[in-house]
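Scroll down for the structure; my scribbles are underneath it.
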There are 2 protein chains.
Amino acid sequence: MESQDLRKAGLKVTLPRLKVLEILETTDHRHMSAEDVYKALLEMGEEIGLATVYRVLTQFEGAGLVSRLSIDGGHAVFELEDGSHHDHLLCVRCNRIEEFVDDVIEKRQRAIAAEKGFEMTDHSLYIYGICRHCQSS
Amino acid sequence: MESQDLRKAGLKVTLPRLKVLEILETTDHRHMSAEDVYKALLEMGEEIGLATVYRVLTQFEGAGLVSRLSIDGGHAVFELEDGSHHDHLLCVRCNRIEEFVDDVIEKRQRAIAAEKGFEMTDHSLYIYGICRHCQSS
DNA sequence: ATATATATGAAAACCTTTCTCATTTACACC
DNA sequence: GGTGTAAATGAGAAAGGTTTTCATATATAT
Ligand SMILES: [Mn+2]
Ligand SMILES: [Mn+2]
Ligand SMILES: [Zn+2]
Ligand SMILES: [Zn+2]
């Protein structure tokens, strides 16, 4: 019952919010831009404004329901938050996104921040490359 | 003699290009946005268009003379290329940028790409935090 | 010196994201 | 179930960084 998730986050339960959540939960593209979500909703026959999609996604991010990736050069994609941190591999040919977790890297990052006297608040790591699928074509 | 660098890159030797190069070589802010470079040139009394600065920096990037960092949220900064790869720590309070190299992380990235079947072409890693200077204030 | 391909500056266009504001809606309360 | 009020919405304008357009100027080969 996702209405509860919204209430818990202090957000009123509105149709646009439920619909955005529904898209994120049912898509097979785990990582979607605001535009992607917007278009998916239009195709579903929903009437929604793009500004609302941006607002709702930003609110969801604030509520910890989704997380935002800032892909190279001002283009954000969103994904449902699953509680576990991970980083991303991006195919430069087809834009496929894969996920990974690496404890060695996570630990080294903390060590580097400490060495440099930084109180680490966050990090972003993207590996770019050509995915298996695109190599054979 | 930086004229040679330009010629080697197949770029005509023009005043705007020489001046942008000069700024990058003499600034004490190793990482500068296009706007930073533009303003520095205006203060020097140079007449140059912002579009030219963007163009020249992009050409320099193509020629391997500078590298571009895409900071979180559509704002690029440039630095003179020194041949050696490094990653960055960014202070979220004062925007200070520090550099680091970590071979363990570099190696793990290659291993992860290989595991996932990616032919790695590049990567980007930013550690965000509060710098030493900003912690005591 | 001349010709020609290339570079420049100013302004307009671009693209993603945010803001404004008039209108609609959710929900607490009676 | 109505009502009031604060919050949410949609349309379009605005923002902010970057790129494009196009007429003019410049570098370089001959
Ligand atoms: Mn992900
Ligand atoms: Mn650097
Ligand atoms: Zn691919
Ligand atoms: Zn700082």
Side-chain angles (χ1 to χ4, degrees), chain A residues 1-23 31-42 44-63 65-78 95, chain B residues 1-23 31-42 44-63 65-78 95:
Chain A
M1 218 62 212
E2 56 272 308
S3 298
Q4 290 314 317
D5 297 331
L6 294 178
R7 289 213 176 78
K8 238 185 297 179
L11 299 169
K12 284 188 186 176
V13 179
T14 64
L15 211 55
R17 287 176 179 154
L18 288 171
K19 289 301 177 184
V20 168
L21 215 40
E22 182 182 336
I23 289 291
H31 304 90
M32 299 181 86
S33 69
E35 188 88 31
D36 290 339
V37 171
Y38 174 63
K39 283 183 181 156
L41 284 169
L42 291 190
M44 255 178 110
E46 294 298 326
E47 289 200 1
I48 193 169
L50 180 56
T52 300
V53 173
Y54 274 104
R55 265 188 304 239
V56 166
L57 287 170
T58 301
Q59 291 156 346
F60 283 4
E61 185 190 15
L65 295 174
V66 310
S67 53
R68 178 195 305 252
L69 318 195
S70 287
I71 307 276
D72 211 42
H75 196 193
V77 302
F78 299 83
N95 299 314
Chain B
M1 218 62 210
E2 55 271 311
S3 297
Q4 290 316 316
D5 297 331
L6 294 178
R7 289 214 177 77
K8 238 184 298 178
L11 299 170
K12 284 187 184 173
V13 179
T14 65
L15 212 54
R17 286 174 180 157
L18 288 172
K19 289 301 177 183
V20 168
L21 215 41
E22 183 183 337
I23 289 291
H31 303 90
M32 300 180 83
S33 68
E35 188 87 31
D36 291 338
V37 173
Y38 174 64
K39 285 182 180 157
L41 285 169
L42 291 190
M44 257 178 109
E46 294 299 327
E47 289 200 0
I48 193 169
L50 180 56
T52 301
V53 174
Y54 274 105
R55 267 187 303 237
V56 167
L57 287 170
T58 300
Q59 291 157 345
F60 284 3
E61 185 191 15
L65 295 174
V66 309
S67 54
R68 178 196 304 250
L69 318 195
S70 288
I71 308 274
D72 208 42
H75 197 192
V77 302
F78 299 84
N95 298 315

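Sequence lines set the chain letters: A, B, ... in the order given, protein chains first and strands last, and positions in each chain run from 1.
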Which residue lies toward the 5' end of DNA chain D, A:Arg17 or A:Tyr38, if each is placed at its nearest nucleotide?
A:Arg17
Where each residue is assigned the nucleotide of DNA chain D containing its nearest heavy atom, which of B:Tyr54 and B:Leu11 is assigned the position nearer the 5′ end?
B:Tyr54
Smallest heavy-atom separation, A:Tyr38 atom then A:Leu50 atom, equals CE1-N, 3.5 Å
Heavy-atom nearest pair, A:His31 first then A:Val77, reads CB-CG2, 4.2 Å
In this structure, how many angstroms lie between the [atom2] atom of [N] and the [atom1] atom of [X], rounded?
| X | N | atom1 | atom2 | value |
| --- | --- | --- | --- | --- |
| B:Leu15 | D:dA27 | CG | P | 8 Å |
| B:Gln59 | C:dT8 | CD | C1' | 11 Å |
| B:Glu35 | D:dG16 | CD | P | 11 Å |
| B:Glu47 | C:dA7 | CD | C1' | 16 Å |
| B:Asp36 | D:dT18 | CG | P | 10 Å |
| B:Leu50 | C:dA12 | CG | P | 15 Å |
| A:Lys19 | D:dA8 | NZ | P | 19 Å |
| B:Leu41 | C:dG9 | CG | C1' | 14 Å |

Under 3.5 Å donor-acceptor pair, B:Arg55 side-chain atoms to D:dT21 base atoms
yes
Counting side-chain heavy atoms from C-beta on, which of D:dT18, D:dA8, D:dT9 comes nearest to A:Lys12?
D:dA8
Nearest-neighbour nucleotide for the A:Ala51 side chain, D:dA11, C:dC27, D:dT9 considered
D:dA11
A:Thr14 side chain near D:dA7 phosphate (N/O to OP1/OP2, under 4.0 Å):
no
If the cut-off is 4.0 Å, is B:Thr52 near the phosphate of C:dA7, judged by side-chain N/O to OP1 or OP2?
no
Rounded to the nearest 0.5 angstrom, the CG-CG distance for B:Leu21 and B:Leu6 is 5.5 Å
Drop me the distance from B:Thr52's OG1 to B:Lys19's NZ, to the nearest 0.5 angstrom.
15.0 Å
If you look at every strand shown and take non-hydrogen atoms under 4.0 Å, does B:Ala34 touch a base, only sugar-phosphate, or nothing?
nothing
So A:Ile48, base contact, sugar-phosphate only, or nothing? Heavy-atom distance under 4.0 Å.
sugar-phosphate
B:Arg17 side chain vs B:Lys12 backbone, donor-acceptor pair below 3.5 Å:
yes
